[in-house]
Amino acid sequence: MEKPAAAGGRPVRDGKLFYGHQYIDDADIAAVEKVLRSDFLTCGPEIGKLEDRLCRLTGAKHAIVVSNGTAALHMACQAAGVTAGDEVITTPITFAASANCALYCGAKPVFADIDKATYNIDPADVARKITARTKAVVAVDFTGQAADLDPLLSLCHEKGMILIEDAAHSVGTYYNGRPVGSIADITTFSFHPVKTVTGGEGGAVLTNDDALYTKLKLFHTHGITREAALLEHPSDGGWYYEQIALGMNYRMTDMQAALINSQLDKLDAFRSRRKAIVKRYDEAFRKIPEVVVQEEIAQSDTTRHLYILRIRPQRLTIDRRQFFDAMAAENICCNVHYIPVYYHPYYERLGYKKGLCPRAEKLYAEMMSLPLYYAMSDQDVEDVIAAVRKICAYYRRDTEGK
Ligand SMILES: *Cc1c(COP(=O)(O)O)cnc(C)c1O
């Protein structure tokens, strides 16, 4: 049996089998160039065009495009009325922004554990974590699979809470046949380069609720309005506007919007390629007893942003760290998504301790993200599978007769 290469031995191919990578074509470049040669670099026509398109794509009544996904989450919490002393429930297996948005509003993030098969937030644990101070739930569509939105929505509405869906991973995913973006009270997207569709940076907030939309819209431009219906004093003239609340500048540029508009022309191609890669990975890895694949709920028709491979440490003589290093030695640059949010020193200093969410912690110790992106060739996919097979075969723990 061939011994896997030693870690640090062979260099990782130059960016090639990284865990994720954007796909930019000539149409994308032309779209950005056109904006640069136009009159509007911000607040121009590409913004409205993208907002309309996101509404059509998702079925949401309103969309606001913003500077990034973190700004979108901050806006969502603010519009949900999250303030000092409130609690916001989210998952620990997410990018820190899903919890930081509660902190921005002076509220306390409360972590609910994940489902051990789907890795998404467990509605039953959310129910257990609700207190009189819980104002909102931030449910993350981890890896692109929709969180179990129906039970989460019933729970939130029963208790008068707002469901925010952090859909940074799930542009192009459907839940019960409906596109993500039209289901939760507020949905947020991210267009960071590793996500399915990119604007370099960028985000969006979507809602069907008119009152939430008004708050979101105000907060994303300084709390300033020109809308006659919102003005508190009579207009002074054509230049007149009023600041009626305290907001931020979370606007997106027209260069970003043009890039995202152009990327959305390729969404169907992005979806089908990502689905095909996931299908091939699942098929191959289900035959390897040393690893576990992420399970999906039937309700989610998923466009996967991340592919998580979970190892079974009891069947291997190496741990996740060594497996990860062995993959790197095979030229496969994995990553780990995510370090449980409350493990971070900032959260430790706020008083969070290990042990809060045992299923999330166990997953963290056993998982890594394999390369998954549009431009991967079939050979790249087979190279990843071959590396996993080789490492599992070599480091298989001999359990016969023990
Ligand atoms: C990427 C990401 C965000 C933040 O989006 P940015 O656009 O990078 O600010 C939030 N939540 C999750 C789950 C993410 O993966």
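In this text the structure is predicted, and so the values were computed from the model without any measurement. Just so you know, ligand 1 is whichever comes first in the structure, and atom 1 is the first atom listed for that ligand.
Put simply, the residue from Arg359, Lys129, Lys362 that forms a salt bridge (charged side-chain N to carboxylate O under 4.0 Å, His left out) with Asp113 is Arg359. Among Leu206, Asp141, Thr302, the single residue meeting the side-chain contact (heavy atoms from CB on, under 4.5 Å) criterion with Val180 is Asp141.
Contacts of Asp265 classified as side chain to side chain donor-acceptor pair (under 3.5 Å), with partners at least two apart in sequence or in another chain: Arg53.
Residue contacts with ligand 1 for Thr94 involve side-chain atoms from C-beta outward but no N, CA, C or O (heavy atoms, distance under 4.0 Å). Residue contacts with ligand 1 for Tyr338 involve side-chain atoms from C-beta outward but no N, CA, C or O (heavy atoms, distance under 4.0 Å). With a 4.0 Å cut-off on non-hydrogen atoms, Thr70 touches ligand 1 through its backbone as well as its side chain.
Counted by atom type alone, His74 and Asn100 present zero donor-acceptor pairs between their side chains at under 3.5 Å.
At the shortest separation from atom 15 (O) of ligand 1 among protein heavy atoms lies His169 NE2, 2.7 Å. Looking only at heavy atoms of the protein, atom 5 (O) of ligand 1 is closest to Ser190 OG, 3.2 Å. The nearest protein atom to atom 1 (C) of ligand 1, hydrogens excluded, is given as Lys195 NZ, 1.5 Å; this is a heavy-atom distance. Of all protein heavy atoms, the one closest to atom 10 (C) of ligand 1 is Asp166 OD2, 3.6 Å.
Checked for salt-bridge contact, Lys354 and Glu361 miss the test: no charged N lies under 4.0 Å from a carboxylate O. Using a cut-off of 4.0 Å between Lys/Arg side-chain N and Asp/Glu carboxylate O, Arg280 and Glu382 are scored as salt-bridged.
Residues Met327 and Ala387 share a closest heavy-atom pair of SD-CB, 4.1 Å.
Here's the thing with Gly69: one of its N/O atoms is less than 3.5 angstrom from an N/O atom of ligand 1.
Residue pairs meeting the salt bridge (Lys or Arg N to Asp or Glu O under 4.0 Å) criterion with at least one partner in residues 145-161, sequence neighbours excluded, do not occur; the list is empty.
For the ligand labelled ligand 1, residue Gly202 lies inside the 4.0 Å heavy-atom shell. Contact between Ser98 and ligand 1 is present, with at least one heavy atom of the residue lying under 4.0 Å from the ligand.
Ligand 1 places these atoms under 4.0 Å from at least one heavy atom of Asn68: 7 (O), 9 (O).
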